[in-house]
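A quick write-up on the structure given underneath.
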Amino acid sequence: MSAADTIFALSSGAPPAAIAIIRISGPAAFDVVHGLAGRTPKPRRASLAILRAPDSGETLDQALVLLFPGPDSATGEDLAELHIHGGRAVVRAVEKAMSQFPDVRAAEAGEFTRRAFANGRLDLNEAEGLADLLSAETEWQRKSATLMFGGSFSAAIEAWRQEVLQLSALTEAELDFSDESDVDAQNNRSISVSCSKIQREIESILSNPAAEKLKDGLRVVLGGPPNCGKSTLLNALVERDAAIVSEIAGTTRDMIEVPIGIDGIAFVFTDTAGIRDHTDDVIERMGIDRSQAALQGADIILWLGPEGTGPDHPHIIEVAAKSDSPDGLKKSGAAIQLSAVSGFGMADLKTAVADIAKTLLPPPDQFSVNQRQRALLADCADALGACQATDDWLIVAECLRQARLALDALTGRAHTEELLDNLFGKFCVGK
């Protein structure tokens with residue numbers, strides 16, 4: 001793989017489709033277009049062209065062609081798009097023709113976005129936001145990813161970086177010219193105050209819930225004794241027969257996990273084996289042990305057992321799941337009364353789950369940082385805190401340098417190839 005190569009890939013959905021979009025990026029992008037279309041259309045205007053094979057002159061397709069000269073393009077280099085008919089044979093024929101040009105090859109996964117990063121069109125945070133936007137399945141995921149991809153987080157980081165650079169300059173002045181009269185004697189206090197301000201802003205972001213909960217979905221575990229209606233309730237929530245329902249106690253032996261979206265929020269609902277104190281069935285006992293472990297790791301628990309017998313958990317919802325049955329558990333008004341069979345109370349349950357979830361997730365209008373970003377922000381905050389704890393200018397200078405390194409790593413100014421390979425490898429080939 002060479003950055004000097006010109007790359008191409010199908011950037012639209014898999015054929016067959018009405019239209020297929022093939023992107024070409026690199027120094028020979030416009031040469032490829034000229035070789036296929038016989039001319040080079042005007043930039044940034046959709047032009048109709050007949051595409052022909054460069055070796056035989058055979059007509060391949062009629063297409064709309066768009067050219068975007070670098071550096072003002074998505075990748076920062078010359079970029080072309082061919083809007084062709086979306087049949088599989090048409091796409092294969094055009095791709096085969098493009099591969100005949102020298103130093104032109106099919107793109108690898110994420111290579112378009114990686115070139116955009118290398119050419120300064122976006123930074124690591126924006127790239128991660130783009131990846132999250134492409135994989136978003138719920139409204140909250142979309143809003144969070146859009147905020148990150150739009151550059152708001154990167155703008156905040158750059159503002160902190162500029163402040164830290166100014167503080168570093170003041171520190172260097174103290175180190176180099178401390179005996180001169182034009183050096184402000186209050187620099188130490190000024191640096192401490194500024195570091196404290198940035199540290200508080202970073203810690204405010206760190207106090208928000210982690211982005212992984214938003215991306216992976218909150219874990220909602222259904223718990224209770226055998227035959228209390230957990231599997232029936234799960235099937236009603238996901239609106240399909242995900243779990244086997246039976247009157248036989250102990251039917252559910254292992255956990256069943258089903259993703260579902262409620263009110264624009266991603267959840268993973270887990271049906272568990274019925275919990276009881278005594279059983280001679282070794283397999284059922286293993287299921288009960290797994291159920292108890294799942295309840296401990298749950299974000300939200302739906303407890304279908306007797307009132308007050310559920311685990312000690314900050315987010316537990318007691319459910320009277322058989323309110324329409326004569327033998328259903330009778331619970332107080334604090335519990336949600338419902339019937340998974342008739343649908344009575346299901347809307348109330350979903351609302352209660354969504355209301356708790358909104359307190360556990362990053363607000364959609366605030367930054368949602370992932371594990372990588374969180375670790376680097378914490379490093380920066382620690383370094384800024386250390387600046388305030390010393391009067392030694394050498395130590396202050398080093399702490400500010402560490403803060404800058406953490407901020408540079410956040411945006412990708414300082415990075416490793418392994419990190420880039422891991423990030424951009426998650427993209428599809430056309431990105």
Non-hydrogen side-chain atoms of [X] and [Y] separated by less than 4.5 Å:
X      : Y      : value
Asp263 : Lys358 : yes
Asp348 : Leu338 : no
Cys399 : Leu384 : no
Leu410 : Leu124 : no
Leu304 : Leu302 : yes
Leu122 : Thr113 : yes
Asn125 : Glu128 : yes
Leu79  : Ile24  : no

Check this for me, if you would: do Glu111 and Arg105 make a salt bridge, where the nitrogen-to-carboxylate-oxygen distance has to be below 4.0 angstrom?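 Salt bridge flag = yes for Arg105 with Glu111.
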Closer than 4.0 angstrom, basic N to acidic O: yes or no for Glu58 and Arg52?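 Here Glu58 does not pair with Arg52 in a salt bridge, since their nearest N and O are not under 4.0 Å apart.
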Looking only at atom types and distance, does a side-chain atom of [X] sit under 3.5 Å from a main-chain N or O of [Y], one as donor and one as acceptor?
X      : Y      : answer
Ser144 : Trp140 : no
Asn370 : Ala210 : no
Ser56  : Ala53  : no
Ser73  : Pro69  : no
Ser12  : Ile21  : yes
Ser194 : Ser190 : yes
Thr309 : Gly305 : no
Asp78  : Gly70  : yes
Thr6   : Ala28  : yes
Asp61  : Ala63  : no

Please indicate whether Glu137 has more than 12 foreign heavy atoms, meaning atoms of other residues, nucleotides or ligands, lying under 6.0 Å from its CD.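 Not more than 12 within 6.0 Å, no.
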Are more than 12 heavy atoms, taken from residues, nucleotides or ligands other than Arg39, located less than 6.0 Å from that residue's CZ atom?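 Yes, because the 6.0 Å sphere around CZ of Arg39 holds more than 12 heavy atoms from other groups.
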I need the minimum non-hydrogen distance between [X] and [Y], along with the two atoms involved.
X      : Y      : result
Met346 : Ala236 : CE-CB, 3.8 Å
Ala397 : Glu172 : CB-OE2, 4.2 Å
Gly26  : Arg115 : CA-NH1, 4.0 Å

Give, for atom [atom1] of [X] and atom [atom2] of [Y], the distance between the pair rounded to the nearest 0.5 Å.
X      : Y      : atom1 : atom2 : answer
Ser231 : Ile256 : OG    : CD1   : 6.0 Å
Arg374 : Glu212 : CZ    : CD    : 8.0 Å
Leu349 : Ile262 : CG    : CD1   : 7.5 Å
Lys215 : Ser135 : NZ    : OG    : 5.0 Å
Glu257 : Leu234 : CD    : CG    : 10.5 Å
Ile356 : Leu218 : CD1   : CG    : 10.5 Å

Run the salt bridge (charged side-chain N to carboxylate O under 4.0 Å, His left out) check on Lys197 and Glu163 step by step: do they pass? CA-CA 10 Å; Lys197 178 183 74 71; Glu163 286 189 64; 3.1 Å; yes
Worked verdict on Ser168 versus Arg404 for side-chain hydrogen bond (donor to acceptor under 3.5 Å, both in side chains): CA-CA 9 Å; Ser168 296; Arg404 291 200 313 273; 2.6 Å; yes
Given Ser204 and Arg200, is the side-chain hydrogen bond (donor to acceptor under 3.5 Å, both in side chains) satisfied, shown in steps? CA-CA 6 Å; Ser204 175; Arg200 288 195 304 271; over 6 Å; no
Step by step, would you call Lys143 with Thr146 a side chain to side chain contact (heavy atoms under 4.5 Å, CB included)? CA-CA 5 Å; Lys143 289 181 178 179; Thr146 299; 5.8 Å; no
Can a cation-pi geometry be assigned to Arg23 and Phe112, taking NZ or CZ under 6.0 Å from the six-membered ring centre and within 45° of the ring axis?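 Ring-cation test returns yes.
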Evaluate the criterion side-chain hydrogen bond (donor to acceptor under 3.5 Å, both in side chains) for residue pair Gln402 and Glu398; output intermediate values, then yes/no. CA-CA 6 Å; Gln402 292 297 326; Glu398 176 59 20; 2.8 Å; yes
Using side chain to side chain donor-acceptor pair (under 3.5 Å) as the criterion, point out the one residue from His315, Arg219, His313, Lys213 that pairs with Asp299.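 Among the candidates, only Lys213 passes.
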Is a side-chain donor-acceptor pair under 3.5 Å present for Thr411 with Ser154?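 There is no such pair (donor and acceptor under 3.5 Å, judged by atom type) between the side chains of Ser154 and Thr411.
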Test side chain to side chain contact (heavy atoms under 4.5 Å, CB included) on Phe8 and Val32 and set out the steps. CA-CA 10 Å; Phe8 65 85; Val32 172; over 6 Å; no
